[in-house]
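Computation of the quantities below employed the complete heavy-atom set of this structure, encompassing side-chain atoms and omitting hydrogens, waters and symmetry-equivalent molecules. Here the structure is a predicted model, which means the values were calculated and not measured. In what follows, every chain begins at residue 1, and chains take the letters A, B, ... in the order their sequences are listed.
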Amino acid sequence: MPIRKSNSNGNSQPVAKFERLAKKPQLNIIGISAGYHDSACCLLQDGVLVAAVQEERFTRVKNDKSFPRSAFRYCLAEGGISISDVDCIAYYEDPCLKLGRQLWMGMIPDLPNERRQGILDRLVKSQPEQIIRRLFGYNGPIEFVDHHLSHAASSFFCSGFEEAAILTVDGVGDWPTTSYGWGKGSHIERFEQVDFPDSLGFFYSAITGYLGFEVNEGEYKVMGLAPYGEPIYADQIRNLIDVTSDGQYRLNMKYFAFLSEDSMYTQELSELLGEPPREPESELRQFHMDVARSVQLVLEEIMLEKTRYLHSKVPSENLCMAGGVALNVVANGRCLREGPFKRLFVQPAAGDAGGSVGAAAMAHARITGEAPARKKLEHVYLGPANTTEEAYNILKASTAKFHDFRGKEEELIRYTVDRLVEGKVIGWSHGRMEFGPRSLGGRSILADPRRPEMRDRINALVKMREAFRPFAPAVLESKAHEHFDLDHPSPFMLETCQVISPIDLSAITHIDGSARVQTVAHEANPRFAALLEEFDRRTGCPILLNTSFNMRGEPIVNTTVDAILCFVRSQIDVLVVEDFIIERAGIPPLWDLQAQTRVTEKPTGGEVGHLVYTLL
Amino acid sequence: MQQPPESLKSFANRLAKAAISDDGNQTIRLLRLTNLMGSPSDAAHSSTSPDDVGHQPKSSANAAPLPANRVGIWERKEENGQPYFVRSKDMLKEWNYWANIGRIDAKGKKKRVVFIGESVARGYLYDPQFNCAMALEKILHTQMGIDEVEIVDLARTNLGFEVRELAIAALQLEPDFVVIFSGNNWRCDFPPGALETANLDAAVREKGAAGAKQIAECLLIDSVKRVVKDVASLYDSKEVPLLWIIPEFNLGDWRDPFTNAPHLPGDANREWLSCCQGAQEALETGDLIKAAELATRMVELDHGVSVAEFYILAECSRKSGDIDATRRYLELARDSVIWDSSKSAAPRTYSVAQQTLREEIAKHKSQILDMPKLFKAYLQGVLPDRRLFLDYCHMTTEGIQVTMAAVASHILQSLKHVDVSWTELVKQAAAPSNEVEAEAAFLAAVHSAHWWQAYDVIHYFCARAIQFSRHIVDVMTNYIDLQTRQTPMLMCRSAELISGSGSPLLQHYLLRYNNQQLDKVLLDAIVNSLGEVGINARHQLDQIRLEEHSVLSRETNLLEYYYCSAGYQPQEVNWVLPKRDAILPPDANHYYKAYWRESNFAFVAEAGCPICLQLSCRLPNPATASKGTIVLQVNGISVGELAIGPEWEAWNITIPGNTMQNDLNEIKIQWPIPDFPGPRGFDLTLAGLSERNKAELYPVFGEIHTLTASDGREAQLVAPALELELSAVGAS
């Protein structure tokens with residue numbers, strides 16, 4: 001009922017116009033993964049993925065497992081909706097199944113008391129539903145999608161395939177560690193699974209831990225180390241796992257300690273391989289490389305065999321994969337090359353973060369009876385965008401010396417290429433941030449791939465990481481085939497192939513002649529593509545070394561301030577942030593103090609341990 | 001490795017299903033709380049960082065063995081057969097908390113006085129330019145000579161009950177006299193450890209927050225007793241003279257923010273609110289009797305667990321000229337927050353800790369310096385205030401001088417067997433330069449503002465800073481700049497200019513610990529203080545605010561800490577505190593909750609320009625709440641009402657331009673009086689105790705998920721809108 005506000009004199013007072021906003025017409029589904037590793041949130045609007053981001057990018061806690069409260073707010077803002085517009089929140093696990101698995105672990109005879117207490121503590125912890133209600137103030141429906149169904153949906157519904165076989169492989173979620181199934185239209189069916197504690201993920205992670213790398217984090221280092229070795233320990237490693245009929249396999253538990261200890265492996269593993277575990281950060285010897293090669297080979301053999309088994313049950317031409325093990329691009333490549341499937345789609349955020357997308361997609365299918373948008377996922381620029389205005393405000397309030405290229409993108413590109421040609425390492429932050437573990441030209445460190453010294457330089461001065469690890473190339477999609485043995489786009493850096501380029505690309509070519517390629521199309525990232533084009537025009541090389549924009553142990557940068565502070569702390573030569581360029585000489589003295597303040601902030605409770613999977 | 005039988009998997013699943021059900025979960029939590037199902041593991045409950053205050057002391061029987069070669073951060077070394085102590089590089093991160101002493105030499109011929117304490121003892125906001133140890137040393141040197149006595153300063157910021165370990169370890173330094181100046185960080189974790197949670201559950205159900213207060217006091221008394229017993233007994237046996245200083249609190253000036261009463265039985269919350277409002281109105285009109293009656297009724301209703309009633313009673317007493325009653329009520333106000341960890345109370349020494357210290361120390365040979373008595377004597381009965389304190393407990397130069405004079409008097413009696421009155425010694429004390437005084441005063445203004453103190457106190461310290469030294473003017477103008485920028489503080493040009501001054505105080509306290517926020521009260525106080533000496537900084541402030549924060553330039557989230565903090569409602573800000581200061585667990589509510597009848601927000605706009613608010617809000621307790629009407633005020637003018645319910649609803653609100661003013665504008669949302677849940681309100685709190693969640697003990701009036709402000713010119717359909725009927729109640 002309209003009213004007129006009057007004061008005591010009867011005069012009209014200013015009145016506001018109130019408009020109650022009707023619920024937005026779209027079907028808004030929030031997907032959440034949390035509590036274990038890489039928590040994330042996404043928004044699916046009428047089946048279209050409009051936003052997705054890991055919580056670590058906001059909290060700056062690597063692999064943050066805490067519920068994604070900032071990511072949730074970002075998704076609402078990106079979708080232009082409020083909490084009252086959310087139709088459903090989908091959670092990527094079945095808490096009851098997970099608790100069942102945890103309780104089962106507590107039934108081990110003679111379990112150390114501390115471990116048993118930890119399991120009992122799980123009983124009194126808030127369950128995800130309680131946390132979702134409390135944290136977000138959300139009273140609407142919640143869909144629980146079990147862990148491997150979330151993985152399966154995250155891949156199939158983003159693949160663009162009308163039908164496909166689906167293989168999910170990871171460490172563990174609730175009970176399954178591997179699942180076999182198929183998808184058709186809006187329907188996903190699974191027909192077989194391998195349950196905890198038998199796990200291909202744990203198999204690989206145990207060796208990761210044995211080799212002195214962080215469990216659930218350093219697996220890709222093992223994959224990168226493998227080409228330096230020979231598979232002379234493959235027979236020993238086959239003792240760790242008994243590959244049985246159909247889709248099944250069993251771990252030989254005498255080599256695995258994760259059920260009762262804070263370690264992935266037992267002393268017997270050391271005895272089997274004849275050497276004690278490698279101390280973290282200690283020298284990497286040929287033995288370690290040989291072990292890495294051996295475990296990689298065994299994994300590939302098993303994956304290939306199980307892929308063939310899956311094809312025997314689901315004779316499709318298409319294969320969808322997800323789960324942490326699906327990030328092993330070398331194994332994926334072999335499955336595609338030597339296996340029965342013709343096409344492979346791997347969810348770019350194949351780990352638990354991507355489970356949020358799968359949960360939301362599955363909820364969409366349950367609610368509507370239809371598949372989410374049938375279009376293939378074209379890009380993963382699904383995170384927050386920074387603006388030129390923000391960057392300018394930051395820079396103008398400081399004494400930083402910077403180049404202003406607002407309205408002059410071509411000049412910015414040319415200037416950046418000049419620096420690349422000079423051999424400079426570039427921090428590159430533009431537009432929306434990538435979802436998932438890979439930097440794909442939104443938040444990247446870039447360099448000239450033709451310079452042999454570049455790998456060591458970036459490893460030692462910027463990434464502070466092991467020298468053996470290869471860097472990946474970003475290449476113009478239109479010219480990819482001239483330099484790589486690749487006959488299709490690879491926009492997500494999820495495939496390896498042989499380098500066939502006439503150019504010496506030593507900085508991005510692994511010891512076995514392979515590279516993990518990202519193909520760049522104008523439609524997906526115009527500025528990044530323009531940079532590659534200009535570099536090609538100047539050098540005849542349409543390729544740049546592209547690695548994630550972060551320091552060791554930190555999440556990839558998100559905001560402009562994150563990018564600047566990472567630039568300050570590292571030895572990156574030049575920062576390109578939106579329309580501005582800063583060089584090291586332009587860094588004000590106090591920025592270093594601000595950068596240090598950032599890294600010494602107190603913990604949030606979302607930190608993830610890396611001795612063993614956080615099974616509890 | 002053994003693994004459970006496969007056959008148990010389905011059993012485990014059934015068990016999980018039962019455990020996850022509401023009843024099952026509740027039962028398990030209760031069993032866990034009472035230790036009938038194993039006690040919660042420490043790892044699951046260790047939510048506090050080593051730097052947090054308020055650790056409970058370990059008893060002597062349970063304490064971990066102390067390293068025999070370390071005192072605080074200093075580790076023992078030997079040189080020519082002589083022991084000395086240097087700061088351990090392993091504890092580099094800790095150095096900043098401790099007195100800036102690189103090396104403690106082997107004891108020589110000088111009498112050695114070891115000075116142990118917390119930030120008060122460190123001379124917070126003066127240190128390292130000036131501190132208690134310096135003041136004490138200067139006095140002692142005038143009485144004993146430079147070659148006769150030395151002070152070893154072991155003060156540590158945030159020192160809590162760890163004072164026990166430090167005092168015991170300090171005996172390695174072969175002291176001739178030890179001073180312990182500690183107690184402001186003595187507060188027990190709440191909720192307490194696993195063993196006490198069942199007691200707490202029972203006490204809260206029986207007596208409400210008063211039960212929690214009782215338990216908190218008992219725990220504190222036990223802890224203080226243990227510290228005194230362990231330390232004093234050891235010192236007695238070693239015959240090392242020990243002086244305990246019982247700290248005082250800034251009763252005269254420090255005011256905790258007003259908060260509502262926690263959940264009360266029946267309809268007592270409604271009556272309490274009514275009394276509170278009535279008492280404040282009576283106080284304003286000078287009806288002290290009525291105000292006191294109503295405040296007394298508030299005490300009856302909540303059993304003295306809120307500051308509001310005691311501040312009203314204290315004000316009544318002050319206006320009546322009854323200084324003793326004023327002191328008593330202010331002490332009760334200070335003590336009333338002991339149970340409440342849902343908000344961050346400034347450090348303080350509670351009455352029960354003071355009294356327990358007095359009683360327990362008397363059982364030993366230790367001496368006592370009772371600061372409340374000392375200051376009372378020094379001020380001739382006047383309440384201790386800004387003259388002696390920079391904030392809640394940290395002292396001004398004068399406070400330090402008086403206290404250290406009294407300490408010196410004890411030391412001289414013990415080491416020289418001479419009686420020299422502290423009143424004589426206070427004249428001998430050292431004092432910092434005017435530049436240091438100016439910086440400390442300005443830092444006190446910033447610190448007080450960020451602890452929600454009133455304009456009067458903040459302005460006092462700003463003006464005092466300028467009086468001491470004009471060099472602070474540049475610091476203030478640069479502070480206005482860095483505090484108003486969106487650019488992170490240390491990336492601002494103005495921070496560089498402050499840093500370039502070379503002041504260790506500004507470097508440490510201002511550039512290290514400041515949080516950028518809108519700071520309406522503080523920046524007003526700075527601008528006005530500068531104006532009083534002929535410097536116009538208003539234009540600078542207005543201009544930067546407009547450039548950086550005008551909602552006409554960009555949509556502004558008023559729930560961000562920067563803006564939300566300008567509402568001066570600390571409970572409402574807890575959920576968005578910067579990570580460094582966070583007190584809530586990461587899975588606590590991540591939206592705004594109003595704990596008072598009104599919610600205040602601030603934003604920057606321009607006169608004449610309409611703005612658009614996006615508001616998503618609801619009434620609390622979705623299960624029980626019904627519809628209610630909220631009233632919206634802009635800059636003190638009521639601009640409309642809207643009916644809301646217990647479900648989230650989103651509103652687009654266009655505020656007419658003629659209610660807008662240049663620079664800061666204020667929005668006030670008046671919430672309806674809710675259906676108070678009474679003791680049922682404690683249920684969720686108690687259920688959360690098994691996870692050691694912070695207690696949510698207060699009624700909620702309303703909740704906001706989104707509140708943004710943006711340019712409303714496009715949204716304004718008709719201009720001017722005043723003559724049209726555009727407002728609606730419950731429009732949909």
Side-chain angles (χ1 to χ4, degrees), chain A residues 1-5 12-21 66-67 69 82-84 95-96 99-100 103-104 107-109 114 117-118 120-121 123-127 131 134-137 139 197 253-254 256-257 259-260 266 393-394 397-399 561 588 590-591 593-594 601-602 604-606, chain B residues 1-4 8-9 12-13 15-17 19-20 28-29 32 37-38 40-41 44 49 485-488 490-493 495-496 499 579-580 586-587 589-591 616 622 637 639-640 642 648-656 658-659 690-691 703 705-706 722 725-729 731-732:
Chain A
M1 181 181 72
I3 61 167
R4 176 188 291 274
K5 297 290 293 182
S12 293
Q13 284 192 349
V15 286
K17 177 191 164 194
F18 293 84
E19 179 192 0
R20 184 182 169 186
L21 301 175
S66 59
F67 265 69
R69 54 188 197 172
S82 72
I83 180 79
S84 53
C96 192
L99 184 61
L103 290 173
W104 181 78
M107 296 174 186
I108 298 174
E114 194 176 289
Q117 291 303 328
L120 288 173
D121 285 340
L123 289 170
V124 294
K125 289 272 182 205
S126 294
Q127 292 298 321
I131 297 176
R134 182 170 67 217
L135 181 65
F136 304 133
N139 297 323
M253 295 307 289
K254 80 173 183 178
F256 297 90
L259 276 179
S260 59
T266 60
N393 276 345
I394 290 166
S398 75
T399 57
V561 169
L590 264 192
W591 280 17
L593 196 56
Q594 180 77 47
E601 284 181 335
K602 77 175 186 184
T604 63
Chain B
M1 184 181 67
Q2 268 194 301
Q3 69 179 62
L8 287 180
K9 284 185 175 177
N13 282 340
L15 189 56
K17 198 171 178 183
I20 220 165
I28 288 168
R29 283 178 185 227
R32 198 86 167 126
M37 204 183 72
S41 61
S49 73
R485 298 284 177 197
Q486 299 220 9
T487 303
L490 295 178
M491 294 171 75
C492 290
R493 179 184 291 104
E496 269 186 56
S499 177
K579 185 169 150 186
R580 187 173 62 195
D587 59 0
N589 309 116
H590 197 236
Y591 52 91
S616 292
I637 301 168
V639 295
L642 56 103
W648 293 115
E649 291 173 25
W651 295 82
N652 204 342
I653 304 167
T654 306
I655 309 288
N658 57 355
T659 61
S690 58
E691 289 187 75
E703 295 170 342
H705 204 275
T706 310
L722 300 187
E725 297 178 341
L726 292 173
S727 178
V729 172
S732 59

**Student:** Any side-chain to backbone donor/acceptor pair from Asn13(B) onto Gly100(A)? Under 3.5 Å, distance only.
**Tutor:**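 Pair absent, no side-chain N/O of Asn13(B) close to backbone of Gly100(A).
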**Student:** Under 4.5 Å heavy-atom distance to chain A, tell me which part of Glu496(B) shows up: side chain, backbone, both or neither.
**Tutor:**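 Both backbone and side chain of Glu496(B) come within 4.5 Å of chain A.
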**Student:** Nearest 0.5 Å, what's the OG-CD1 distance between Ser616(B) and Ile83(A)?
**Tutor:**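 Result: 8.5 Å between the selected atoms.
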**Student:** Looking at every non-hydrogen atom in both residues, tell me the closest pair between Thr487(B) and Ile394(A) and how far apart they are.
**Tutor:**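 So the minimum-distance heavy-atom pair works out to OG1-CA, 3.1 Å.
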**Student:** Out of curiosity, Ile131(A) CD1 to Asp587(B) CG, how far, rounded to the nearest 0.5 Å?
**Tutor:**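 One finds 4.5 Å between CD1 of Ile131(A) and CG of Asp587(B).
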**Student:** Go through it in stages, so that I can follow the logic: the residues are Leu490(B) and Leu593(A), the test is side chain to side chain contact (heavy atoms under 4.5 Å, CB included), and I'd like the CA-CA distance, side-chain angles, deciding distance and then a yes or no.
**Tutor:** CA-CA 7 Å; Leu490(B) 295 178; Leu593(A) 196 56; 3.8 Å; yes
**Student:** Check the pair Arg493(B), Thr399(A) against side chain to side chain contact (heavy atoms under 4.5 Å, CB included), reporting the backbone distance first and the verdict last.
**Tutor:** CA-CA 5 Å; Arg493(B) 179 184 291 104; Thr399(A) 57; 3.5 Å; yes
**Student:** Among the options Pro95(A), Cys96(A), Pro109(A), Pro588(A), pick out the one with the most heavy-atom pairs lying under 4.5 Å from chain B.
**Tutor:**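 When all of Pro95(A), Cys96(A), Pro109(A), Pro588(A) are compared, Cys96(A) has the most.
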**Student:** Considering the options Thr654(B), Ile653(B), Asn652(B), which one meets the side-chain contact (heavy atoms from CB on, under 4.5 Å) requirement together with Phe18(A)?
**Tutor:**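 Exactly one candidate clears the test, Ile653(B).
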**Student:** Under 3.5 Å, is there a donor-acceptor pair between the Ser84(A) and Glu649(B) side chains?
**Tutor:**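 Judged by distance alone, the side chains do not pair up.
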**Student:** So, taking the atom named NZ in Lys17(B) and the one named CG in Leu99(A), what distance separates them when rounded to the nearest 0.5 Å?
**Tutor:**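 Rounded to the nearest 0.5 Å, the NZ-CG separation comes out at 13.0 Å.
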**Student:** I'd like to know if the side chain of Trp591(A) and the backbone of Met491(B) have a donor-acceptor N/O pair within less than 3.5 Å.
**Tutor:**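 It does hold such a pair.
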**Student:** Nearest 0.5 Å, please: how far is CE in Met107(A) from CG in Leu8(B)?
**Tutor:**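 Rounded to the nearest 0.5 Å, the CG-CE separation comes to 5.5 Å.
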**Student:** What residue, out of Ser82(A), Ala397(A), Pro197(A), has the most heavy-atom pairs lying under 4.5 Å from chain B?
**Tutor:**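 Answer, by heavy-atom pair count under 4.5 Å with chain B: Ala397(A).
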**Student:** Calculate, to the nearest 0.5 Å, the distance between atoms CH2 and CD belonging to Trp104(A) and Gln3(B) respectively.
**Tutor:**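 Here the interatomic distance stands at 4.5 Å.
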**Student:** Answer whether the closest heavy-atom distance between the side chains of His590(B) and Leu135(A) falls below 4.5 Å.
**Tutor:**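 They are in side-chain contact.
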**Student:** What's the spacing between Asn589(B) CG and Arg69(A) CZ if we round to 0.5 Å?
**Tutor:**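 Rounded to the nearest 0.5 Å, the CG-CZ separation comes to 10.5 Å.
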